[in-house]
Amino acid sequence: MIGIICIAGWRLLVDLVDASSNQQLIEQSSHSHHPLQYLSVTAGNGEWPTTRSFFQLIEGTIAIAAIKMPEDNQAGKRWIVLVYETEGETTTLKLNLFRKVSKAYFVDTHERPVAEGGVTIEDSLIEFEVMAHAVASICIEFEHGG
């Protein structure tokens with residue numbers, strides 16, 4: 001239930017949610033504070049169905065903090081994904097992406113590869129572990145042409 005209270009020109013959004021999961025609270029808060037923004041364009045000659053997602057969380061108690069292009073400007077070829085664990089327990093994260101992944105690895109804050117941690121890749125699905133209360137940055141490299 002969402003309600004809006006107006007007091008002296010100020011609007012306050014009130015939303016009642018199930019507080020048993022930090023992940024659900026973060027997701028609901030994100031929907032309220034960061035509404036979906038879109039830009040309408042005419043249809044192109046694309047081959048993918050309009051229902052396909054570019055990024056889907058399959059499993060894991062994490063919140064996605066950012067999806068960005070790397071600082072070296074490799075637009076479209078690589079993404080940096082920043083996540084953090086929400087429930088205080090080590091979790092295995094599974095993400096399904098919009099195209100085949102050729103390589104994925106942990107990076108530091110300067111986007112340099114780090115040795116610890118492993119990422120499993122199977123076509124467009126990646127899987128890795130995030131420790132309790134931890135933040136993880138992953139660089140995802142996509143196969144060319146897909």
Side-chain angles (χ1 to χ4, degrees), residues 1-4 11-146:
M1 179 175 88
I2 298 176
I4 299 176
R11 292 188 309 160
L12 175 65
L13 178 68
V14 178
D15 191 0
L16 300 177
V17 297
D18 178 10
S20 63
S21 167
N22 289 334
Q23 184 177 14
Q24 289 176 1
L25 285 172
I26 292 165
E27 185 174 324
Q28 187 64 39
S29 174
S30 179
H31 292 311
S32 297
H33 296 288
H34 304 288
L36 179 64
Q37 296 181 2
Y38 59 91
L39 176 63
S40 180
V41 296
T42 57
N45 294 330
E47 298 173 9
W48 288 357
T50 57
T51 57
R52 188 165 180 178
S53 176
F54 77 97
F55 191 95
Q56 182 182 15
L57 174 63
I58 303 294
E59 182 181 307
T61 55
I62 58 97
I64 299 165
I67 302 172
K68 66 181 274 305
M69 289 183 233
E71 295 300 319
D72 66 5
N73 206 18
Q74 294 290 317
K77 297 177 186 168
R78 295 190 308 152
W79 282 356
I80 303 295
V81 178
L82 177 64
V83 300
Y84 59 94
E85 195 283 321
T86 60
E87 302 299 321
E89 297 178 5
T90 298
T91 187
T92 298
L93 176 64
K94 289 183 184 178
L95 297 173
N96 192 18
L97 299 149
F98 71 106
R99 71 177 171 190
K100 206 169 196 175
V101 175
S102 62
K103 197 173 182 185
Y105 47 90
F106 287 93
V107 294
D108 64 15
T109 56
H110 297 288
E111 301 176 0
R112 297 177 299 211
V114 294
E116 63 266 3
V119 181
T120 303
I121 302 167
E122 186 178 321
D123 195 33
S124 63
L125 185 73
I126 64 170
E127 180 178 333
F128 56 94
E129 191 173 85
V130 180
M131 301 304 287
H133 304 292
V135 175
S137 294
I138 299 288
C139 180
I140 301 169
E141 296 183 13
F142 297 103
E143 286 192 2
H144 297 287

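The nearest pair of heavy atoms linking Ala104 to Ile121 is N-CD1, 3.4 Å. Between Thr86 and Asn22, the closest heavy-atom pair is O-ND2, 2.9 Å. Summarising the geometry of Val107 relative to Cys139, their closest heavy-atom pair is CG1-CB, 3.6 Å, with the distance given to 0.1 Å. Here the closest heavy-atom approach between residue Arg99 and residue Ser124 is recorded as O-CB, 3.4 Å. Listed here is the closest heavy atom pair of Glu87 and Glu85: N-OE2, 2.7 Å.
Taking CD from Glu143 and NZ from Lys77, the interatomic distance works out to 14.0 Å, rounded to the nearest 0.5 Å. A distance of 13.0 Å separates CH2 of Trp79 from NZ of Lys68, quoted to the nearest 0.5 Å. Remark: Gln56 CD to Leu125 CG distance equals 9.5 Å, nearest 0.5 Å. Here Glu127 contributes atom CD and Glu59 contributes atom CD; the two are 7.0 Å apart, rounded to the nearest 0.5 Å. Summarising the geometry, atom CG belonging to Leu82 is positioned 10.5 Å from atom OG1 belonging to Thr109; distances are rounded to the nearest 0.5 Å. Rounding to the nearest 0.5 angstrom, the gap separating the CD atom in Glu141 from the NZ atom in Lys100 is 15.5 Å.
The one candidate from Val130, Leu93, Thr91 that meets the side chain to side chain contact (heavy atoms under 4.5 Å, CB included) condition with Thr61 is Thr91.
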Candidate pair Leu97 and Phe55, rule side-chain contact (heavy atoms from CB on, under 4.5 Å), full reasoning: CA-CA 5 Å; Leu97 299 149; Phe55 191 95; 3.4 Å; yes

Criterion salt bridge (Lys or Arg N to Asp or Glu O under 4.0 Å) on Glu111 and Arg78, from CA distance to verdict: CA-CA 11 Å; Glu111 301 176 0; Arg78 295 190 308 152; 5.6 Å; no

Determine, stepwise, if the pair Leu57 / Leu95 fulfils side-chain contact (heavy atoms from CB on, under 4.5 Å). CA-CA 5 Å; Leu57 174 63; Leu95 297 173; 3.9 Å; yes

Go through the steps to decide whether Phe106 and Ile138 satisfy the test side-chain contact (heavy atoms from CB on, under 4.5 Å), and finish with yes or no. CA-CA 4 Å; Phe106 287 93; Ile138 299 288; 3.3 Å; yes

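Within the 4.5 Å cutoff, the side chain of Val101 has heavy atoms near those of the Phe142 side chain.
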